[in-house]
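Here's the structure, in structure tokens; my notes come after.
Every value quoted in this text rests on a predicted model; they were computed, and no experiment measured them.
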Number of protein chains: 2
Amino acid sequence: MVALPSGVLGALDSTSDRAVFRQIADQLREAIDKGRFKEGAKLPSESELVEHYGVSRMTVRNALSVLQGEGLVHSEHGKGVFVRPRPPVRRLASDRFARRHREQGKSAFTVEAEAAGSRPEVDSLEVKEERPTQDVSARLGGPRRVLARRRRYLLDGRPVEFAASFLPLDLARNTPIAQPNPGPGGIYARLEELGHRLDHFEEEIRARMPSPAEIRTLRLASGVPVIHLIRTAFDTEGRPVEVCDTVMAADAYVLAYQLPAT
Amino acid sequence: MVALPSGVLGALDSTSDRAVFRQIADQLREAIDKGRFKEGAKLPSESELVEHYGVSRMTVRNALSVLQGEGLVHSEHGKGVFVRPRPPVRRLASDRFARRHREQGKSAFTVEAEAAGSRPEVDSLEVKEERPTQDVSARLGGPRRVLARRRRYLLDGRPVEFAASFLPLDLARNTPIAQPNPGPGGIYARLEELGHRLDHFEEEIRARMPSPAEIRTLRLASGVPVIHLIRTAFDTEGRPVEVCDTVMAADAYVLAYQLPAT
DNA sequence: CCCCCCTACTCGTATAGACGAGTGGCTGAG
DNA sequence: CTCAGCCACTCGTCTATACGAGTAGGGGGG
């Protein structure tokens, strides 16, 4: 039992009607915000906090779970509770699907990651035909069956994004799009080669807390929301040719859009 | 102590190495997902769950706090724990700043809300001159002082969004922009009247858990992230003329963008 | 010198109990 | 019949204790 670093944490206000565990959480949060605990630094252990505040361990754990829910700290069994480092963010520009970017052989993800000095990976590649969900079917104009392409993206070994593309079967079957690796420029380049000249994309963005499955797939820490992006690609005839459903770890991304003012 | 509705919740698997509170959370989550507890419905009380599973109350509370952190349920002191209803979402189209929308007298928020049958409100209106944060200053090209316009938006009495606009002082001082109500079409219409013809907007989107202040301002339930949007408006000379920092309750919004494929 | 094991420390899970405070329905007095 | 007050039920907070399991470091044996 080592004494706490002096002066970092104050005392409780017993006259306050604010719950004790909230007061403790407040003090820890303030100390983190002010940099008295730096990114990645270890907080005092639960038993040290019990000692310092003179409360029971459950109260301390309650306070820590508040901070964990806010995404400020994460705990490691057997080691301690640490201030969550802000991971480097990956920035998605709205022109990343511009035609000129489809020339080179690599995928947008690979190019952007390497430009940022990170090691990109793609796994969980799955390509199969299936019945679409009601939502996907509606967005694609009601096909009974679709080609689904699922993959997970990782940066430096950390999963950051899970995406599923859906294309009408009549359009994708027996084409390079149905191959695990569709070739340079990705499926958008193949679609254009097949005569479906792309006209525009529609993107819908939501943010929410992850499902248990998403927590597993993206290895999300608690307190990290996901960004849910649904993109629909339209060809020049106004036909929807692809729906891409993407779930991203929110702490790894900034989305950037440029809009005309006209 | 009333018996549980039969068959809704199963038994624990004592051979599993999954923690008991997680198993309970799993069963409740599944029951909610499958609609056996509907939106707004009351879950069994803590003591009923204690009875049903034969565990201590803290274990049950632990399970419930998992679901609360996921945003699936919310508790009401003295009443019970309820399945969180999905609130109606407000859809923000990417053309909502198009020039043609600036003709009518009402603000975009008011028009859209009334079209959706909701009662819009704006409060916490504050207009003042101040020193910008480093980030805002950098985005605006480095002014020492800015005009800040802060306001909160509510739908049917529920706060959904808190926004702060920042404009360089030399541009906004002693203009209608410095008035609490800048007039029909909002500050973008005034900017154009002042000769700053708008060219394009840049938007950055992040998602994260709210700070305690944001929880208060937006009266957020636990397990609801926020969408943080930073928009910069540029005039035809390429000068940034406004930065708008917006924090939205994520469960109230879907952002929609349309992107050209060129 | 190296490696294994023990130990002390960490957090994870769970029990049992206590009191407080908000809610809503029932009951008895008026 | 009305209404005030009681009471049972709800969740909120806190204490005290126990054991399990992951981690890291030191010490002792090979």
Side-chain angles (χ1 to χ4, degrees), chain A residues 1-4 11-28 37 40-69 72-84 215 221-223, chain B residues 1-4 11-28 37 40-69 72-84 215 221-223:
Chain A
M1 207 72 65
V2 183
L4 279 189
L12 297 177
D13 175 5
S14 54
T15 70
S16 165
D17 59 352
R18 189 157 176 81
V20 172
F21 77 89
R22 290 187 201 284
Q23 290 187 46
I24 295 175
D26 291 343
Q27 292 194 9
L28 289 168
F37 295 115
K42 184 177 169 303
L43 293 190
S45 75
E46 293 177 356
S47 54
E48 284 169 341
L49 291 171
V50 164
E51 182 93 351
H52 177 81
Y53 287 112
V55 298
S56 81
R57 184 166 164 235
M58 282 309 297
T59 302
V60 164
R61 280 182 65 76
N62 218 336
L64 290 171
S65 83
V66 169
L67 300 180
Q68 192 148 344
L72 274 179
V73 304
H74 68 109
S75 62
E76 295 181 29
H77 194 166
K79 299 213 275 192
V81 179
F82 301 86
V83 179
R84 263 251 296 281
I215 289 176
S222 61
Chain B
M1 207 72 65
V2 183
L4 278 188
L12 298 176
D13 175 5
S14 53
T15 70
S16 165
D17 59 352
R18 187 154 178 84
V20 172
F21 77 89
R22 289 187 203 284
Q23 291 187 47
I24 296 175
D26 290 344
Q27 293 196 8
L28 289 168
F37 296 116
K42 184 175 170 304
L43 294 191
S45 75
E46 293 177 356
S47 54
E48 283 169 340
L49 292 170
V50 163
E51 182 95 350
H52 177 82
Y53 286 112
V55 298
S56 78
R57 182 164 165 237
M58 283 309 296
T59 302
V60 165
R61 281 182 63 77
N62 219 336
L64 289 171
S65 83
V66 169
L67 300 181
Q68 192 149 345
L72 275 180
V73 305
H74 69 109
S75 62
E76 296 182 29
H77 193 167
K79 299 213 273 189
V81 179
F82 300 85
V83 180
R84 261 250 297 279
I215 289 175
S222 61

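Minimum heavy-atom separation, K42(A) to K79(A): CE-O, 3.2 Å. The nearest pair of heavy atoms linking A221(A) to R84(A) is CB-NH1, 3.4 Å. In this structure, P44(B) and F37(B) approach most closely via the heavy-atom pair CD-CZ, 3.6 Å. Across R18(B) and D26(B), no two heavy atoms sit closer than the pair NE-OD2, 2.6 Å.
Between the C1' atom of dC11(C) and the CG atom of L43(A) lies a distance of 13 Å, rounded to the nearest Å. Atom NZ in K42(B) sits about 15 Å away from atom P in dT23(C), given to the nearest Å. One can place CD of E48(B) at 13 Å from C1' of dC11(D), the figure rounded to the nearest angstrom. The CD atom of E46(B) sits 17 Å away from the P atom of dG17(C) (whole-angstrom rounding).
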Enumerate the protein-to-nucleotides 13-17 of chain D contacts in which both atoms are nitrogen or oxygen and the separation is below 3.5 Å.
residue: dT13(D); atom: OP1; partner: R22(A); partner atom: NH2; Å: 3.2
residue: dT13(D); atom: O4; partner: R57(B); partner atom: NH1; Å: 3.4
residue: dC14(D); atom: OP1; partner: V20(A); partner atom: N; Å: 2.5
residue: dC14(D); atom: OP2; partner: F21(A); partner atom: N; Å: 3.2
residue: dT15(D); atom: OP2; partner: S56(A); partner atom: N; Å: 2.9
residue: dT15(D); atom: OP2; partner: S56(A); partner atom: OG; Å: 3.2
residue: dT15(D); atom: OP2; partner: T59(A); partner atom: OG1; Å: 2.6

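Here the rule is side-chain contact (heavy atoms from CB on, under 4.5 Å) with V20(B), and of D13(B), V55(B), N62(B) only V55(B) fits it.
In this structure, a donor-acceptor pair under 3.5 Å is absent between the side chains of Y53(B) and Q23(B).
Side-chain atoms of E46(B) do not come within 3.5 Å of backbone N or O of M58(B) as any donor-acceptor pair.
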Please step through side-chain contact (heavy atoms from CB on, under 4.5 Å) for the pair L43(A) and L64(A), ending with a clear verdict.
CA-CA 10 Å; L43(A) 293 190; L64(A) 290 171; 4.0 Å; yes
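For DNA chain D, the residues of residues 73-83 of chain B within the heavy-atom distance limit of 4.0 Å (strictly under) are S75(B), E76(B), H77(B), G78(B), K79(B), G80(B), V81(B), sorted by number.
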